[in-house]
Amino acid sequence: MDYKETKAALSTITYNREAIEAPTDNIYEAISIIAKRATQINSDLKKELVDKLDEFATYNDSLEEVFENKEQIEVSKFYERLPKPHAIAVEEWLNEKVYYRNPETK
């Protein structure tokens, strides 16, 4: 999924509790599902960021020299400006883009 195109909030906002719990009729179950999705999103974004930063890595044995790479800094700033994983997960949940199932109910 392309998280860069999401319409998720960049700052903290208040959500309608009834809208969050509507698909499951249980607020705790809904929050648990959203939390698991946020963890997935976070790991995806982290892997993507590490892969991009590895492209700029220079390996040398000297610890005294630290090079500032402008492109690396720009990539890092871009990922810092993205919405947080929990905001993306809530947005996906409210737009019914999250698949979930409860094995206890059939």
Side-chain angles (χ1 to χ4, degrees):
M1 173 148 202
D2 192 17
Y3 303 116
K4 298 166 195 83
E5 302 297 325
T6 184
K7 302 285 190 255
L10 294 173
S11 63
T12 305
I13 62 171
T14 304
Y15 293 100
N16 182 356
R17 182 183 60 85
E18 282 128 13
I20 297 285
E21 73 179 9
T24 61
D25 293 328
N26 186 334
I27 189 70
Y28 301 109
E29 186 177 353
I31 290 173
S32 175
I33 293 167
I34 292 170
K36 289 177 184 178
R37 179 65 183 138
T39 302
Q40 290 174 340
I41 292 169
N42 188 44
S43 66
D44 289 347
L45 286 174
K46 185 174 181 179
K47 181 182 181 315
E48 187 177 316
L49 175 61
V50 168
D51 289 345
K52 287 193 181 202
L53 292 179
D54 280 345
E55 294 174 10
F56 302 111
T58 56
Y59 299 103
N60 56 4
D61 294 334
S62 175
L63 294 175
E64 294 143 6
E65 294 183 43
V66 176
F67 297 103
E68 288 187 8
N69 189 333
K70 192 169 188 159
E71 293 87 12
Q72 186 178 8
I73 293 170
E74 290 301 317
V75 168
S76 296
K77 285 183 178 180
F78 174 77
Y79 278 91
E80 287 176 5
R81 287 190 295 264
L82 286 177
K84 302 298 180 222
H86 67 272
I88 297 171
V90 170
E91 187 69 23
E92 287 180 355
W93 178 256
L94 292 175
N95 292 329
E96 299 176 356
K97 294 181 179 177
V98 177
Y99 171 78
Y100 68 95
R101 63 182 175 88
N102 186 345
E104 295 176 2
T105 59
K106 293 183 180 181

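These figures come from a predicted structure and were not determined experimentally. The basis for the numbers below is simple: all heavy atoms, side chains too, and nothing from hydrogens, waters or symmetry mates.
Residues passing the salt bridge (Lys or Arg N to Asp or Glu O under 4.0 Å) test with Arg101: none are found, sequence neighbours excluded.
Between the side chain of Asn16 and the backbone N or O of Glu18 there is at least one donor-acceptor pair closer than 3.5 Å.
In summary, the side chains of Tyr28 and Glu21 do not present any donor paired with an acceptor at a separation below 3.5 Å, with no hydrogens or angles considered. Side chains of Asp44 and Gln40: a donor-acceptor N/O pair is absent below 3.5 angstrom, by distance only.
We find the CD1-CD distance between Ile41 and Glu92 to be 4.0 Å, quoted to the nearest 0.5 Å. Note that the CD atom of Glu80 and the CD1 atom of Ile73 stand 10.5 Å from one another [nearest 0.5 Å]. Taking CG of Asp51 as the start and NZ of Lys46 as the end, the distance is 12.0 Å to the nearest 0.5 Å. The OG atom of Ser11 sits 7.5 Å away from the CD1 atom of Ile13 when rounded to the nearest 0.5 Å. The distance from the CD1 atom of Ile88 to the CG atom of Leu82 is 6.5 Å, given to the nearest 0.5 Å. For the atom pair Gln72 CD and Glu55 CD, the distance stands at 10.5 Å (nearest 0.5 Å).
Trp93 and Tyr15 have their aromatic ring centers separated by at least 6.0 angstrom.
Residues Asn102 and Thr24 fail the side-chain proximity criterion, which asks for heavy atoms closer than 4.5 Å. Contact of the Tyr100 side chain with the Lys36 side chain is not registered, since no non-hydrogen atoms from C-beta on lie closer than 4.5 Å. Counting only heavy atoms from C-beta outward, the side chains of Leu49 and Leu45 never approach each other to under 4.5 Å.
A pairwise comparison of heavy atoms in Ala38 and His86 identifies CB-CA, 3.8 Å as the closest pair. Of all heavy-atom pairs between Thr6 and Glu91, the closest is OG1-CG, 4.4 Å. In plain terms, the two heavy atoms of Ala9 and Pro83 that are nearest each other are O-CB, 3.7 Å.
Other residues, nucleotides and ligands contribute more than 12 heavy atoms inside 6.0 Å of the CD atom of Glu74.
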